[in-house]
Amino acid sequence: MKKSWKWGSIAVAAVMAGGAGYWADRHVLIMNVDGNDKSWYIEGGKSEEELYLRPETAAALYGAQLQQKGSSVRLSVNDASWEGELEQSPAWFDWNGEAYIPVKEAAKELSFEEEDTGSRYTAQLWSPAQERIARVIEKGEEYTGTPYKWGASESTTEYFDCSSFTQRIYAEENIDLPRVSEDQAQEGRNVAEENWKRGDLIFFDTTGDGSINHVSMYISNDTLFHATESDGVGYTDFSDYWRESVVNTKRFIG
């Protein structure tokens, strides 16, 4: 049966400068009335109005046949087709040498009216960053009360130190962090204090010797989530003790 695509409810996503435009994680959910939901990640976008995805992702998303030769791409669904050339900017978005085609344009060309409304499809786009962070925190909460042990092996969950804990819970979202906090602080994107968000990792020098020796997840202006020597894994106040020893903050999601 033919499909009728509808694009709506595009939520604002955090973007950062990159390549020829702006990069933003977005997620597309395809639903039908039978509850046969499928989802894909859209790999890029410049704004709410200009969302882009890789040709192979588009083919899977639309159930289309993909033909690609050099910079030419053709997506075909029954009698409908969409074609593009990488040189036809801004119809295409080139980010670090990867080609991304415009979602709405392709959807418009490949969609056609569905006679059977029972099979009508809808689509919703939004940023998955907060959803991913929620999963990281949920995984961390499973370890609440787990005791602290300095130098804990990354293979154990019987105890944690600060960085083995962050390494473990971020692995839940397939984010590979180095084992120690000083090395973790070299990864991710720098975040100024006024832009801190839930899920950011804050790095501390609690001894004042110029070296990072602790990492915590920022929850709010009042709360941190981490593994501490005194309490093990759990939430603590973001007290002056911690604030006065902040070195930097990094973002790994969103």
Inset, instruction - Carefully, step by step, assess Tyr235 and Ile219 under the rule side chain to side chain contact (heavy atoms under 4.5 Å, CB included). - result: CA-CA 9 Å; Tyr235 293 100; Ile219 300 297; 3.8 Å; yes

Inset, instruction - Decide yes or no on salt bridge (charged side-chain N to carboxylate O under 4.0 Å, His left out) for Glu138 and Arg135, but give the supporting numbers first. - result: CA-CA 5 Å; Glu138 183 178 9; Arg135 289 195 294 265; over 6 Å; no

Inset, instruction - Just do the salt bridge (charged side-chain N to carboxylate O under 4.0 Å, His left out) check on Arg243 and Asp237 with the steps written out, would you? - result: CA-CA 10 Å; Arg243 290 185 182 279; Asp237 291 338; over 6 Å; no

Inset, instruction - Given side-chain hydrogen bond (donor to acceptor under 3.5 Å, both in side chains), test Arg74 with Ser72 step by step and report yes or no. - result: CA-CA 7 Å; Arg74 178 184 176 92; Ser72 300; over 6 Å; no

Legend entry - From CA spacing to verdict: side chain to side chain contact (heavy atoms under 4.5 Å, CB included), Asn195, Thr249: CA-CA 10 Å; Asn195 295 320; Thr249 302; over 6 Å; no

Inset, instruction - Would you check, one step at a time, whether the test side chain to side chain contact (heavy atoms under 4.5 Å, CB included) holds for Leu66 with Leu75? - result: CA-CA 5 Å; Leu66 170 63; Leu75 296 174; 3.6 Å; yes

Inset, instruction - Show your reasoning for whether side chain to side chain contact (heavy atoms under 4.5 Å, CB included) applies to Tyr170 and Leu201. - result: CA-CA 10 Å; Tyr170 265 86; Leu201 295 186; 3.7 Å; yes

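Under a hydrophobic clustering in which Ile, Leu, Val, Met, Phe, Trp and Tyr are joined whenever their side-chain heavy atoms come within less than 4.5 Å, directly or via other members, Val180 and Val215 fall into different clusters.
In this structure a side-chain-to-backbone donor-acceptor pair under 3.5 Å is missing from Glu182 to Ile212. Side chain of Thr146 to backbone of Tyr143: a donor-acceptor contact under 3.5 angstrom is found. Distance alone, capped at 3.5 Å, is enough to place a donor-acceptor pair between the Arg168 side chain and the Glu154 backbone. In this structure, Ser245 contributes its side chain and Tyr241 its backbone to a donor-acceptor pair below 3.5 Å. Formation of a donor-acceptor pair under 3.5 Å by the Asp205 side chain with backbone atoms of Gly210 is found in this model. Put simply, the side chain of Asp209 gets close to the backbone of Ser211: a donor and an acceptor are under 3.5 Å apart. Looking only at distances, a side-chain donor or acceptor of Arg132 sits under 3.5 Å from a matching main-chain atom of Glu173. Under the 3.5 Å distance criterion, the side-chain polar atoms of Thr156 are left unmatched by any main-chain donor or acceptor of Ser153.
Considering only heavy atoms from C-beta on, Ser164 comes within 4.5 Å of Arg179 through its side chain. Side chains of Ile175 and Leu177 form a contact here, defined as non-hydrogen atoms less than 4.5 Å apart. Inter-residue side-chain proximity for Asp161 and Tyr148 is flagged as met; some heavy-atom pair is nearer than 4.5 Å. No side-chain heavy atom of Cys162 sits less than 4.5 Å from a side-chain heavy atom of His226. Within the 4.5 Å cutoff, the side chain of Ile253 has no heavy atoms near those of the Arg198 side chain.
Distance check, rounded to the nearest 0.5 Å: NZ of Lys197 to OG of Ser220 gives 15.0 Å. Separating the CG atom in Asn190 from the CG atom in Asp200 is a distance of 11.0 Å, to the nearest 0.5 Å.
Pairing each heavy atom of Pro178 with each of Asp183, the nearest pair is CB-CB, 3.5 Å. Taking all atoms of both residues into account, the shortest heavy-atom contact from Phe204 to Ile202 is CE1-O, 3.3 Å. Ile169 and Lys139 get closest at one heavy-atom pair: CG2-CG, 4.0 Å. The minimum heavy-atom distance linking His214 with Ala227 is given by the pair CE1-O, 3.3 Å. The minimum heavy-atom distance linking Phe252 with Gln184 is given by the pair CZ-O, 3.7 Å. In terms of heavy atoms, Gly199 sits closest to Met217 at CA-CG, 3.8 Å.
Phe225 pairs with exactly one of Trp242, Tyr218, Phe165 by the ring pair (Phe, Tyr, Trp, His ring centres under 6.0 Å) rule, that one being Phe165.
Between Trp196 and Phe238, the ring planes lie parallel to each other; the angle is under 30°, not in the 30° to 60° tilted range.
Counting non-hydrogen atoms of neighbouring residues, nucleotides and ligands closer than 6.0 angstrom, the NZ atom of Lys250 exceeds 12 such neighbours. Within 6.0 Å of the CG atom in Asp176, the count of heavy atoms belonging to other residues, nucleotides or ligands does not exceed 12.
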